[in-house]
Amino acid sequence: MNSLRPKKKKSFKNVKKTFQNISKEDLKTKADKLKGASQKHVSKFVVKRWDSISNARLEIITWLVIVFGIIFLSGIQLSVIQNNFMQETSIDSGTYVEGTVGTIKTLNPLYASNESELALSRIMFSSLFKMDSTGHLNTDLVKKYSISEDGKTYTLELKKNIKWHDGETLKANDVVFTFNLMQNQEARTVLGSNWKNINKIKVQSLGDEIVKFELPLKFTNFINSLTFPIVPEHILADVKKSQLRENNFSSQPIGTGAFKFNKKQQIGEGISSKTGDDQGYSVTMVSNNDYYEGKPKLDSFRIQAYPTKEELLKAINNNDVNAAGGLNPQNIKELTNKSLDVVEKPLSYGVYSIFNTVASQDLKEIKFRRALQFATNTDELRKSLGMKTALYSPFIAGQIPEDSIEKPEYNVEKAKKLLEELEYKEKDGSLYKGDRKVSIEMVATTDDQMDLVADILAKEWKSLGIDVKVNKYSLSDPSQNFVGSVLQTRAYDVIVYKYAITDPDVFAYWHSSQGTGVGMNLAGYTSAVANDFLTSSRTAKTSDVKLRRYIGFAKQWQQDVPAIGLYQDQLEYVKTKNSSAFSGDTKLNEITDRFNDVYKWRIEKGLVRKTP
């Protein structure tokens, strides 16, 4: 290794000697040559190759622009084709699931008493007449009809070859059988109370397709009464009338409607702590391919019935149902599911605060009732509940001219003055008549906001010093027996109640003959003048005469104050955006009128070719 070191030093010296012999001019010349060679090298291997890369990138980008342009233009072309030749619409098939409130106890339409049972009745059964989408009465099972000159005889011809769900043909005897069932006291049908004097009407069949009704007196609105569901004689004829409700027909119904019964099953688990009933039931119905209006668009329809609105709202928010009816504006505010459409429709129901003019010592006095009216701010009440249409008479909007009646005044001072005239005195914040402290027992149901209305009224009337106690009942709880223990016994001073006013013939609600028992004159209102207007309107020969008598009755009603009109009810209906239920232009009288064209409903959407 030592022998190598001298050589290394010698080599370094030689290199050093070489550099010493080079002049500055030669060094500069050599540097310039090196610089030129480096520039050529960079130009050849870096710059020119970079230009090639740039050119390649430009070509790639150009091709990408062309490809995306083709895709974009194809998309536009497809969109134009779809707009010109295709359209998105609801298509046939599918299952529509609607949520309702009310436990299903029976499927016999003659005993239907809550929203769920009435909905099923309307879907599975048919009637002689029904309301159409314009809100007017139209034929259903009836093909045509005629009325005698004296207005006492109605002859109806049924449509041909209408089939029951078991394949049997509907006959005129089925209509006669149903009508007689409703008048039979042993059958105890819910609809029987609507025909208190039904035995005075004679009904008979003339062959298989003709039904004739003979009335003891002219009744111009009789046709409006023929909207009850028809049941099959060939199935129920041999059933004892007293056992009709418990018969198997109540769980395995046979109708003529657009959908026929398939199955009933329980939904949810356990017991509802609020009602004591089962959590709920669902009833599935399948398409009736023999339906006389045409085969339904849906494959099946299911009603899911919940005991309470709270449970229904939960089902809506969880997407357990496609739609739900029977809601109110307050319920809509509680919805968290924002993928739903909300349909709002006025209904032919009037909500009233009805005074018991017979049993209550104070409410017998017209001035006392008028004082309560002065103390009731109906405008604020409607606003707080989200209701749109005012109600100042026994008729709903459009049945009589608006300018024919007066809007009641809200004036608490006038209310107090009337009470003073009746020798009522306020002491320590309470109202007294002599030594008796004035109190009122008000009744309301927990359904359809009636209980909220009662709470508002109680607060307003307490401003007069009146002690108001509100008793609340649930229609979903059969143990409370609201109809038997409250309505029929008139066990209240004031009741917040909703009347169906599909027709301006309100005889059943305000004529004195309907003031007891199963009658629906809940005020016990008695007025010879009012009675005359109500009775004569039924026999009026022209519509003008009838209208004048309705107006005359409304004026007398306002003067006597048997009740305070609060608001006209409205339907809040929610549904998924991909479903097609009743038309937005449809006018509804009752909540279940939405099912009148249920055979046209759809649930699924898709693209279909436009027809020229």
Side-chain angles (χ1 to χ4, degrees), residues 96-125 188-191 193 229 243-253 255 257 259 261-285 301-318 320-328 331 334 444-451 472-487 497-498 500 571-574 590-592 594-595:
Y96 197 98
V97 183
E98 181 167 313
T100 58
V101 176
T103 302
I104 301 171
K105 299 292 187 182
T106 180
L107 298 178
N108 186 326
L110 301 184
Y111 297 99
S113 60
N114 59 41
E115 181 192 345
S116 302
E117 293 172 348
L118 289 169
L120 290 164
S121 171
R122 189 63 66 94
I123 295 170
M124 290 191 287
F125 289 85
R188 309 185 313 280
T189 65
V190 172
L191 296 175
S193 60
Q243 299 176 4
L244 188 63
R245 182 191 288 266
E246 293 76 24
N247 186 262
N248 187 56
F249 185 80
S250 293
S251 58
Q252 301 282 336
F259 291 87
F261 177 79
N262 178 252
K263 62 182 177 181
K264 175 184 176 182
Q265 55 191 153
Q266 189 172 348
I267 57 176
E269 297 178 356
I271 301 296
S272 169
S273 59
K274 294 186 177 182
T275 66
D277 290 336
D278 295 324
Q279 287 285 3
Y281 287 93
S282 72
V283 171
T284 302
M285 299 157 283
F301 200 110
R302 184 162 71 247
I303 292 290
Q304 293 198 170
Y306 298 88
T308 66
K309 282 195 176 175
E310 291 79 7
E311 291 171 78
L312 174 58
L313 289 171
K314 181 179 178 181
I316 299 170
N317 287 326
N318 291 341
D320 293 335
V321 296
N322 297 115
L327 302 176
N328 58 55
N331 299 143
E334 299 174 36
T445 62
T446 55
D447 308 81
D448 299 326
Q449 302 187 102
M450 298 299 104
D451 55 334
K472 301 179 180 182
Y473 293 81
S474 172
L475 295 178
S476 302
D477 185 357
S479 67
Q480 295 189 16
N481 190 20
F482 176 72
V483 174
S485 63
V486 179
L487 285 188
Y497 198 75
K498 180 168 62 177
L571 169 70
E572 304 287 338
Y573 188 83
V574 296
E590 300 181 6
I591 293 177
T592 53
R594 66 183 184 271
F595 298 118

Student: Return yes if some donor-acceptor pair links the side-chain N/O of Glu115 with the main-chain N/O of Gly102 below 3.5 Å, else return no.
Tutor: no

Student: When rounded to the nearest 0.5 angstrom, what is the spacing between CZ in Phe261 and OG in Ser251?
Tutor: 7.0 Å

Student: NZ/Lys472 to OG1/Thr446 distance, rounded to the nearest 0.5 angstrom?
Tutor: 8.5 Å

Student: Please report the shortest heavy-atom distance between Pro307 and Val101, naming the atom on each side.
Tutor: O-CG1, 3.8 Å

Student: Any sub-3.5 Å donor-acceptor pair from Ser250's side-chain atoms to Arg245's backbone N or O?
Tutor: yes

Student: Can you list everything that forms a side-chain hydrogen bond (donor to acceptor under 3.5 Å, both in side chains) with Asn318? Sequence neighbours excluded, please.
Tutor: none

Student: With rounding to the nearest 0.5 angstrom, report the OG1 to CG distance, Thr592 to Leu120.
Tutor: 11.0 Å

Student: If you take all heavy atoms of Pro109 and Phe249, which pair is closest and at what distance?
Tutor: CD-CE2, 4.3 Å

Student: After noting the C-alpha distance and the side-chain angles of Thr100 and Tyr306, does the key distance pass the side-chain contact (heavy atoms from CB on, under 4.5 Å) rule?
Tutor: CA-CA 6 Å; Thr100 58; Tyr306 298 88; over 6 Å; no

Student: Provide the closest heavy-atom pair for Gly325 versus Leu312 in the form atom of the first, atom of the second, distance.
Tutor: O-CD2, 4.2 Å

Student: Looking only at non-hydrogen atoms, find the nearest pair between Val190 and Ala112 and report the distance.
Tutor: CG1-O, 3.9 Å

Student: Any chance you could lay out the salt bridge (charged side-chain N to carboxylate O under 4.0 Å, His left out) test for Glu334 and Lys309, step after step, and finish with the verdict?
Tutor: CA-CA 11 Å; Glu334 299 174 36; Lys309 282 195 176 175; over 6 Å; no

Student: Just by distance, do the side chain of Glu117 and the backbone of Ser113 share a donor-acceptor pair under 3.5 Å?
Tutor: yes

Student: Which heavy-atom pair separates Thr106 from Asn108 by the least distance, and what is that distance?
Tutor: OG1-N, 3.1 Å

Student: About how many Å separate NZ of Lys105 and OH of Tyr281, when rounded to the nearest 0.5 Å?
Tutor: 7.0 Å

Student: Checking Ser485 now: which residues fulfil side-chain hydrogen bond (donor to acceptor under 3.5 Å, both in side chains) with it, not counting sequence neighbours?
Tutor: none

Student: Give me the atom names and distance for the closest heavy-atom approach of Ala305 to Ile267.
Tutor: O-CD1, 3.9 Å

Student: Could you check whether atom NZ of Lys314 has more than 12 heavy atoms from other residues, nucleotides or ligands sitting under 6.0 Å from it?
Tutor: no

Student: If you apply the rule side-chain contact (heavy atoms from CB on, under 4.5 Å), what do you find for Ile316 with Asn331, and how did you get there?
Tutor: CA-CA 11 Å; Ile316 299 170; Asn331 299 143; over 6 Å; no

Student: What is the distance from atom CD1 of Ile123 to atom OH of Tyr96, rounded to the nearest 0.5 Å?
Tutor: 10.0 Å

Student: Any non-hydrogen side-chain atom of Ile104 less than 4.5 Å from a side-chain atom of Lys264?
Tutor: yes

Student: Over 60° means perpendicular and under 30° means parallel, so classify the ring planes of Phe595 and Phe301, tilted if in between.
Tutor: perpendicular

Student: Side chains of Phe259 and Ile303: does their closest heavy-atom pair fall under 4.5 Å?
Tutor: no

Student: Which residues satisfy the side chain to side chain contact (heavy atoms under 4.5 Å, CB included) test with Arg302, sequence neighbours excluded?
Tutor: Thr95, Val97, Ser282, Thr284, Gln304

Student: Measuring from Tyr473:OH to Asp451:CG, what's the distance to the nearest 0.5 Å?
Tutor: 13.5 Å

